[in-house]
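A short write-up of the structure that comes next.
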Amino acid sequence: AQDVKFSFDRILKIKDPSGPSGLLTATGGKFTTEATDATTVVFHLGNPNALWDQIIATGAGAIVDSKVFPADKVLADDKIIGSGPYELKSYSPGQTAEFVPNTSYGGDLQLSNGGLVIQYYQDENALKLDIQGGKVDVAYPALSPTALKQLTGSGINQVAGPGGAIRYLVFNLKTMPGSDAAQKKAIRRAAAFVIDRASIAKNVYEGTVDPLYSMVPNGLDGHEDVYKTEFGAGGDKASAAKELKDAGVKTPVNIQIWWTPTHYGALSSDEYTEIKRQLEGSKLFKVDLQSTEWEQYTGNCLADKCPAYQLGWFPDYPDTDDYVANFYGSASFLNNHYSNPTVDKLLTDEQGSTDAAARTSDFQKIQEASVADAPVIPLWQGKQIAITTGTITGVQDTLLPDYTFRFWVLGKS
């Protein structure tokens, strides 16, 4: 029990901006643990949360050995220990990780393979050539749309699964342009009127993603196309101009937008070039695009150094709450200074309820209560796609809504 308490306390102490601490503090910000005896742990939540079992099944609930892991910082990659079905035989950072069956494993998972090698590619061309040459059994996540279209031939297959991955544009309400709250809101709304998601999906991603008009993806309880209802399908320059004029905003609005080159795939550059083209094409904006790699990017953008910035989301657990609480709550990891008391109340209500109909209604009200403020702009929703070569089994069984890749179900014949 002391190790369990140590593990949760450690996550809160490290408080990595892109780590799982937000999942714990989303319960009201007052999360604590108590080891009441050698085998019992009590979790004290800030608010009732019917999703707690799902939250502790994520990375936020990973238990580590207090004798090995430091209490307030991450452990070096080559020092990490665990207790899963595999043993890490060798590891070369950024290149390969080799796994063999763990003969001491006592859990319930049944391996469908005798081990595996994970190879990390920095160059999409090199990966594509190795797939075509039969040197790669499974590629995941998949390549760019252009590369996918080129990967045809005997023995090369594409396997698709549910798509809960989304991309979106965040505004920092403190540092974005605008002399007051009304002007800042008008600038966000104007951008929402102008940005054409269908153009991004077609011209950048060649139709392999779908335009998204809510921070709640299609297929989840309570999804509503609230951004389409409020702002239309995009390209509405007249409505955007009226928003800015009514708020006394001088045009063109100078806005700096940040994006990151590799973390979200090779097409991020094209995506934000397209967004810049659309905004500047309206004659209402002048966009300064800036980029940096992921480690520095998250530190900057989640610490008030980016007026507007690119982010993406893969679900922690397959529930609508994972999308609305993380983007609209006052305790959101985005730290973009958006706060809406109505939304906070609805979040508390849905998290504490087991009534499916009531929760769905709350999800719809959260979207409707926040869309006019446009603190974030949803852009697109993608699918899970894996590439296989030869006769590989089990891939479809791991492409599930929780985005956990289950290596142990993969087989080869």
TODO: Any chance you could measure H263, atom NE2, to Y297, atom OH, to the nearest 0.5 Å?
DONE: 9.5 Å
- [ ] Please check if the distance between the ring centroids of Y140 and F405 is under 6.0 Å.
- [x] yes
Open item on the list: I need the minimum non-hydrogen distance between A240 and L284, along with the two atoms involved.
Closed with: CB-CD1, 3.6 Å
Open item on the list: Counting only heavy atoms from other residues, nucleotides and ligands, does the tally under 6.0 Å from CD of Q290 exceed 12?
Closed with: yes
- [ ] State, without any angle test, whether N300 and Y309 hold a side-chain donor-acceptor pair at a distance under 3.5 Å.
- [x] no
- [ ] Tell me whether the centres of the aromatic rings in W258 and Y272 are closer together than 6.0 Å.
- [x] no
- [ ] Scan Q150, E206, E124, K128 and name whichever one has a side chain to side chain donor-acceptor pair (under 3.5 Å) with S144.
- [x] E124
Open item on the list: Less than 4.0 angstrom from a charged side-chain N to a carboxylate O is my criterion; do E368 and K365 meet it?
Closed with: no
Task: salt bridge (charged side-chain N to carboxylate O under 4.0 Å, His left out) partners for K15, two or more places apart - done: none
- [ ] Would you please say whether a donor-acceptor pair under 3.5 Å links the side chains of Y227 and Q367?
- [x] no
TODO: Mind listing the closest non-hydrogen atom pair of S353 and A50 along with its distance?
DONE: O-CB, 3.5 Å
Open item on the list: With a 6.0 Å cut-off (strictly less than), is the heavy-atom count around NZ of K383, excluding the residue itself, greater than 12?
Closed with: yes
Open item on the list: We want to know whether S66 and D3 form a side-chain donor-acceptor pair, criterion being a heavy-atom distance below 3.5 angstrom.
Closed with: yes
Task: Residues R359, D355; criterion salt bridge (charged side-chain N to carboxylate O under 4.0 Å, His left out); working and verdict - done: CA-CA 6 Å; R359 295 186 75 232; D355 184 328; over 6 Å; no
Open item on the list: Just to verify, what does K13 make a salt bridge (charged side-chain N to carboxylate O under 4.0 Å, His left out) with, not counting sequence neighbours?
Closed with: none
Task: Test salt bridge (charged side-chain N to carboxylate O under 4.0 Å, His left out) applied to K174 - qualifying residues, sequence neighbours left out - done: D304
Open item on the list: For the residue pair E293 / T262, report whether a side-chain donor-acceptor contact shorter than 3.5 Å exists.
Closed with: yes
Task: Closest non-hydrogen atom pair, T36 against V42 - done: CG2-CG2, 3.7 Å
Task: Taking every non-hydrogen atom, the tightest pair across V194 and Q278 - done: CG1-O, 3.4 Å
Open item on the list: Could you tell me if the side chain of F43 sits less than 4.5 Å from the side chain of T33, heavy atoms only?
Closed with: yes
TODO: Using atom types as modelled and distance alone, determine if a side-chain donor or acceptor of N47 lies under 3.5 Å from a backbone N or O of G352.
DONE: no
- [ ] Decide if atom NZ of K237 counts as having more than 12 heavy atoms of other residues, nucleotides or ligands within a radius under 6.0 Å.
- [x] no
Open item on the list: Can you see whether D196 engages S199 through a side-chain donor-acceptor pair at a distance of less than 3.5 angstrom?
Closed with: no
Open item on the list: Is the ring pair F231/F193 parallel, tilted or perpendicular, if the boundaries are 30 and 60 degrees?
Closed with: perpendicular
TODO: Evaluate the ring planes of W52 and F31, with Trp represented by its six-membered ring, and classify them as parallel (under 30°), tilted (30 to 60°) or perpendicular (over 60°).
DONE: tilted
Open item on the list: Just checking E295: does its CD atom have more than 12 heavy atoms from other residues, nucleotides or ligands closer to it than 6.0 angstrom?
Closed with: no
Open item on the list: Any side-chain to backbone donor/acceptor pair from T40 onto D37? Under 3.5 Å, distance only.
Closed with: no
Open item on the list: Are the side chains of L400 and R406 in contact, using a 4.5 Å heavy-atom criterion?
Closed with: yes
- [ ] Quick one: closest heavy-atom pair of W313 and P315, and the distance?
- [x] NE1-CA, 3.9 Å
Task: Donor + acceptor pair across side chains of D373, Y328 (<3.5 Å) - done: no
Open item on the list: I'd like to know if the side chain of D180 reaches the main chain of Q183, judged simply by a donor and an acceptor atom lying under 3.5 Å from each other, with no hydrogens or angles considered.
Closed with: yes
